[in-house]
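FYI, the numbering just counts along the sequence from 1.
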Amino acid sequence: DLAGNVAIDSTTYELYVRALPADPLAPTLVTLSPLYDSGVSNADAITRQQAPVVRVSLNTATGGVVAGDVVRLQQGTTELIRYTLNANDIAQGWVDIQPQTALSSSGHTGTTYAVATALSASIQRLTPTGVVNSASAELQTVTVDTYAPLAPSAPVLESGDDRANPFSGGTSSDDLIRRANGFALNGTVSAGTNVVAVRLYANGVLMGSTGVAANHAWSFTYGSTAIPLADGRYNITAQAVDAAGNVSELSTALAVTIDTKVSPPTGLSVVLNDDTGLKSDGVTSNRTPRITGSGEPGATLRVFLDRNGNGRMDIGEEQAIWYGSVVANSGKFTLALLNQLPEGEHSLRVIQTDKAGNVSLASDALYVRIDTRAARPLGVALAPNQDDGLYPTDNIISNAKPTFRVTLASDVSEGDTLQLRRYYDNNAAFIIASTRLSPLDISRGWVDMTSTKALSGIYDGTASGYGIFASIVDQAGNNSGLS
């Protein structure tokens, strides 16, 4: 039995078999012609043809058929057709004959012809003494089924193959497939329609076929060695095939999208409002600057600090995972860092995971420098040879636009802006000179600046506020305050 149990032997019976006297004139075999046996096998005697061609095999040995003998094809006791043999028939040893009367078919399982209604063939020979009829050879059973089965249900993608984006919930049934092959489909066929196989098509191109289980369900795997499907949208349809080879209409289509790759995000930059230095220079005093760029619509994003510069997200480098559809339909995204960046230079990269679950390589690096303070100048004095008063150090001058020497702190940077003011207020109206620091300025530690406005009066930095002050505005926009 199905469990593997073996019964005790049954009672033994003796059976004697005796061959009947052979009729050398009779056909040796009657079958459907292979081209007309349209069932699952070309030898199962199931056909969708109502007038199928029958193959009659002949005994061409000594005493057998000869040219001029007549083959009689009958269905039960009704003669369907007669055919006179010729030399070619004798040479090949068989003849194909098609009835002139159509056989009937009923329902999805067809009509079976057997026993009293079976097809049979015999040989008739005319001799000088009369007509000789051979014994009959019978096609024991033949089933004629001309009814097409009903279309199967629409294919369904196996849930395990719709893997989706692990960082975005609710997308494991969106029929996005991130493999070009190696995925499975399933569905059902209608009961009682004698369906034995289902064919699957992608945009009308045959993918393959599969059998049908006893519960009328089917499952098909587009194997990992099958021709990969190109990325794009496909309508997957199923077609039922019954035991006679009749085919159904195509099922309702399952629309799937093959999506096997995603590119890295591009065009990363600091949002202009967060770039407190020169626009688009990546220097900012904002320790959680927002980042903008372009990606695949609907993708989720992961940001990391590429501390070792290897272009990969290593342990401890991840800055944030942004769940949900972060990239807009336009392909643009803006995201904020969740953790403050420390002072200094940083290499930020972004990885995106698309809706199908494909993970990109890391983007090109976005270099950001966090600069939250500017170095205050150490002091301001008249430049050499500018003091022309009675004493060389009395700071009394006759030149209304004198030159001043500003001493720099050691941690200023090339590109920082040095401003000279005649009042403690930060109002731009009080700026009398401005310059961007050069490598030479930094290396020698001072800058000589000539006033662009005529000065008069006393500038002593007292309560009245007037005095000569210097300040630095660095590339991140930080103001050092007055010297």
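- Counting non-hydrogen atoms of neighbouring residues, nucleotides and ligands closer than 6.0 angstrom, the CD atom of Glu249 reaches no more than 12 such neighbours.
- Distance check, rounded to the nearest 0.5 Å: CG of Leu408 to CG of Asp441 gives 7.0 Å.
- Rounded to the nearest 0.5 Å, atoms OG (Ser57) and CD (Gln92) are 10.0 Å apart.
- Residues Arg405 and Asp448 are paired through a salt bridge, judged by an N-O separation under 4.0 Å between the basic side chain and the carboxylate.
- Relative orientation of the Phe183 and Tyr222 rings is tilted, given thresholds of 30° and 60° on the angle between their planes.
- The number of heavy-atom neighbours closer than 6.0 Å to CG of Asn385, taken from other residues, nucleotides and ligands shown, is 12 or below.
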| Test side-chain contact (heavy atoms from CB on, under 4.5 Å) applied to Asp259 and Arg178, step by step | CA-CA 5 Å; Asp259 182 357; Arg178 65 174 185 262; 5.6 Å; no
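- Just one residue in the list Leu268, Asp275, Thr284 forms a side chain to side chain contact (heavy atoms under 4.5 Å, CB included) with Val368, and that residue is Thr284.
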| request: Begin from the C-alpha positions of Val198 and Phe220 and carry the test side-chain contact (heavy atoms from CB on, under 4.5 Å) through to its verdict. | output: CA-CA 9 Å; Val198 172; Phe220 170 77; over 6 Å; no
| message | Would Glu343 and Thr372 count as a side chain to side chain donor-acceptor pair (under 3.5 Å) here? Give the steps. | response | CA-CA 7 Å; Glu343 194 90 5; Thr372 60; 2.6 Å; yes
| task | Check step by step if side-chain contact (heavy atoms from CB on, under 4.5 Å) holds for Gln49 and Leu32. | result | CA-CA 11 Å; Gln49 303 293 331; Leu32 289 179; over 6 Å; no
| message | Under the criterion side chain to side chain donor-acceptor pair (under 3.5 Å), I'd like the reasoning laid out for Asp231 against Thr260: C-alpha separation, chi angles, the key distance, then a yes or no. | response | CA-CA 7 Å; Asp231 278 18; Thr260 62; 2.7 Å; yes
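- Put simply, the residue from Thr47, Ile46, Leu103 that forms a side chain to side chain contact (heavy atoms under 4.5 Å, CB included) with Thr143 is Ile46.
- With respect to the salt-bridge test (charged N to carboxylate O, under 4.0 angstrom), the residues Asp96 and Arg55 qualify.
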| request: Please assess Ser251 against Tyr201 for the test side chain to side chain donor-acceptor pair (under 3.5 Å), listing each intermediate value before the final yes or no. | output: CA-CA 10 Å; Ser251 69; Tyr201 298 87; over 6 Å; no
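- For Ile227, the CD1 atom sits in a loose shell: 12 or fewer heavy atoms of surrounding residues, nucleotides or ligands are nearer than 6.0 Å.
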| query | Stepwise, does the side chain to side chain donor-acceptor pair (under 3.5 Å) test hold for Thr112 with Thr141? | reply | CA-CA 7 Å; Thr112 298; Thr141 179; 5.1 Å; no
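- By the 6.0 Å contact criterion, CD on Gln140 is open, its count of non-hydrogen atoms from other residues, nucleotides or ligands being 12 or less.
- With a 4.5 Å cut-off on side-chain heavy atoms, Ile472 and Pro377 count as touching.
- Environment of CZ in Arg312: sparse, with no more than 12 heavy atoms of neighbouring residues, nucleotides or ligands closer than 6.0 Å.
- Around CG of Asp274, the count of heavy atoms belonging to other residues, nucleotides or ligands within 6.0 Å exceeds 12.
- Checked options Asp416, Asp411, Asp474; the residue passing with Arg373 is Asp411 (criterion: salt bridge (Lys or Arg N to Asp or Glu O under 4.0 Å)).
- With values rounded to the nearest 0.5 angstrom, Arg290 atom CZ is found 11.0 Å from Leu337 atom CG.
- In this structure, Asn194 CG and Asp145 CG are separated by 6.0 Å, a value rounded to the nearest 0.5 Å.
- Here the CD1-CD1 distance, from Ile177 to Ile258, works out to 4.0 Å after rounding to the nearest 0.5 Å.
- With a 6.0 Å radius and a threshold of 12 heavy atoms from other residues, nucleotides or ligands, Asn329 has its CG atom at or below the threshold.
- Between the OG atom of Ser347 and the CG atom of Asp306 there is a distance of 4.5 Å, given to the nearest 0.5 Å.
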